[in-house]
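Chain identifiers are assigned alphabetically (A, B, ...) following the order of the sequence lines, protein sequences preceding nucleic acid strands; residue numbering begins at 1 within each chain.
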There are 2 protein chains.
Amino acid sequence: MNDLVIRPATPQDIPAIVAMLAADSLGVGRESPDDLTPYYEAFERMAADPNQHPTVAVRDGRVVGTLQLSVIHGLSRRGATRTVIEAVRVHADERGNGLGSRLIEWAIAESRSLGANLVQLTSDASRADAHRFYERLGFTGSHVGFKLQL
Amino acid sequence: MNDLVIRPATPQDIPAIVAMLAADSLGVGRESPDDLTPYYEAFERMAADPNQHPTVAVRDGRVVGTLQLSVIHGLSRRGATRTVIEAVRVHADERGNGLGSRLIEWAIAESRSLGANLVQLTSDASRADAHRFYERLGFTGSHVGFKLQL
């Protein structure tokens with residue numbers, strides 16, 4: 001359980017990241033692990049934006065977790081900077097050992113060092129376990145998250 | 001009711017934007033319309049980021065609405081690009097005349113033209129009227145929005 005490294009994702013990590021995105025009850029229908037082209041293209045768009053931080057957790061050379069941290073500067077709340085956490089996934093082999101908490105705690109610390117005043121994320125209303133998890137880490141489920149597919 | 005223009009915000013719009021942010025039941029305690037310095041500083045950070053679109057609605061030369069549209073490129077959902085709408089406000093004089101809908105419809109159309117596949121926003125759980133408003137515009141309140149103040 002040692003040697004966990006949390007670091008910026010690279011293009012070489014994409015197959016492992018996509019496998020984790022797809023190995024999820026909600027993700028399985030909306031990912032294409034057999035066709036990675038759109039993911040490599042998306043990674044290039046992210047790499048061109050200094051406010052996007054695609055991140056992986058690596059143990060013994062193997063990608064075992066991922067999240068994306070995005071920085072949004074804004075005017076509201078006295079010109080507050082917020083971060084948004086998206087696409088949090090932990091490999092099935094690593095569930096229940098605290099890796100999810102390590103990832104989110106890393107994201108909170110990184111948000112502070114990026115100058116953010118607020119960290120936010122949305123979680124599908126059906127993921128009751130995830131909601132308890134975020135509450136334990138100090139988040140408040142104070143908002144309703146609305147989505148519109150285009 | 002004519003001559004509504006929706007355009008990128010400029011530094012000259014900041015006093016009017018902040019007045020609207022502060023003239024809100026939740027915003028009143030967290031904004032400082034008497035000290036605009038942090039807002040001008042935040043606007044510079046936003047202006048340096050091509051994925052941030054601070055926006056105003058102007059009628060007869062007067063700023064009557066605002067929102068911020070942010071573009072987040074990501075890996076999940078086959079490398080989908082999403083936009084986030086934040087800080088939506090309509091001047092008290094303009095409530096109930098469809099300006100809020102015009103602003104959100106503008107944000108949806110702009111999201112499409114920016115290549116987004118998904119538009120998302122969070123709304124405080126106490127704002128029941130806002131929730132009905134977003135549902136009428138096609139959004140689904142499928143998520144819980146979690147926030148952590150740093």
Below 4.0 angstrom, N of the basic side chain to O of the carboxylate: do R62(B) and D93(B) qualify?
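Counted as a salt bridge, because a side-chain N and a carboxylate O are separated by less than 4.0 Å.
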Taking the basic N atoms (NZ, or NE/NH1/NH2) and the acidic carboxylate oxygens, is any pair closer than 4.0 Å for R78(A) and E31(B)?
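A salt bridge is absent here (no side-chain N lies under 4.0 Å from a carboxylate O).
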With a 4.5 angstrom heavy-atom cut-off, could you sort out which part of [X] is near chain A: side chain, backbone, both or neither?
{"X": "I17(B)", "value": "side chain"}
{"X": "R82(B)", "value": "side chain"}
{"X": "T66(B)", "value": "neither"}
{"X": "E86(B)", "value": "side chain"}
{"X": "D124(B)", "value": "both"}

Do you reckon [X] sits in the same ILVMFWY cluster as [Y], going by side-chain contacts under 4.5 Å, direct or chained?
{"X": "L21(A)", "Y": "V58(A)", "result": "yes"}
{"X": "V63(B)", "Y": "I6(B)", "result": "no"}
{"X": "M20(B)", "Y": "L103(B)", "result": "no"}
{"X": "V56(B)", "Y": "L67(B)", "result": "no"}

Please confirm whether F139(A) and H131(A) have ring centers closer than 6.0 angstrom.
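For F139(A) and H131(A), the ring centres are not under 6.0 Å apart.
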If you look only at pairs with a residue in residues 133-146 of chain B, which of them pass as a side-chain hydrogen bond (donor to acceptor under 3.5 Å, both in side chains), with sequence neighbours excluded?
none
Treating R45(B) as the side-chain partner and T81(A) as the backbone partner, does any N or O pair qualify as donor plus acceptor under 3.5 Å?
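Not at all, since once roles are kept as given, no pair shorter than 3.5 Å links the two residues.
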Give, as side chain, backbone, both or neither, the part of L36(A) having an atom under 4.5 angstrom from any heavy atom of chain B.
neither
Need one label for T37(A): side chain, backbone, both or neither, based on atoms under 4.5 Å from any heavy atom in chain B.
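Contact with chain B involves no heavy atom of T37(A) at all.
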May I ask you to check whether D49(A) and N51(B) show a side-chain donor-acceptor distance below 3.5 Å?
yes
With a 4.5 Å cut-off on heavy-atom pairs, point out which of [options] contacts chain A the most.
{"options": "E41(B), R112(B), R89(B)", "answer": "R112(B)"}
{"options": "L118(B), L121(B), V144(B)", "answer": "V144(B)"}
{"options": "Q149(B), R77(B), R127(B)", "answer": "R77(B)"}
{"options": "A42(B), P54(B), S32(B)", "answer": "S32(B)"}

Report, in residue-number order, which members of residues 68-75 of chain A are under 4.5 Å from chain B by heavy-atom distance.
Q68(A), S70(A), V71(A), I72(A), H73(A), G74(A), L75(A)
So which of S123(A), G138(A), A125(A) has the biggest tally of heavy-atom pairs under 4.5 Å with chain B?
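Of the candidates given, the most pairs with chain B belong to S123(A).
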Between K147(A), Q120(A), R30(A), which shows the greatest number of heavy-atom pairs under 4.5 Å with chain B?
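Highest number of pairs under 4.5 Å: K147(A).
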Of all heavy-atom pairs between L99(B) and A57(B), which one has the smallest distance, and what is that distance?
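Closest pair (atom of L99(B), atom of A57(B), distance): CD1-CB, 3.9 Å.
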Could you go through T55(A) and E110(A), starting from their C-alpha distance and side-chain angles, then the distance that decides it, and tell me whether this counts as side chain to side chain contact (heavy atoms under 4.5 Å, CB included)?
CA-CA 11 Å; T55(A) 301; E110(A) 187 73 5; over 6 Å; no
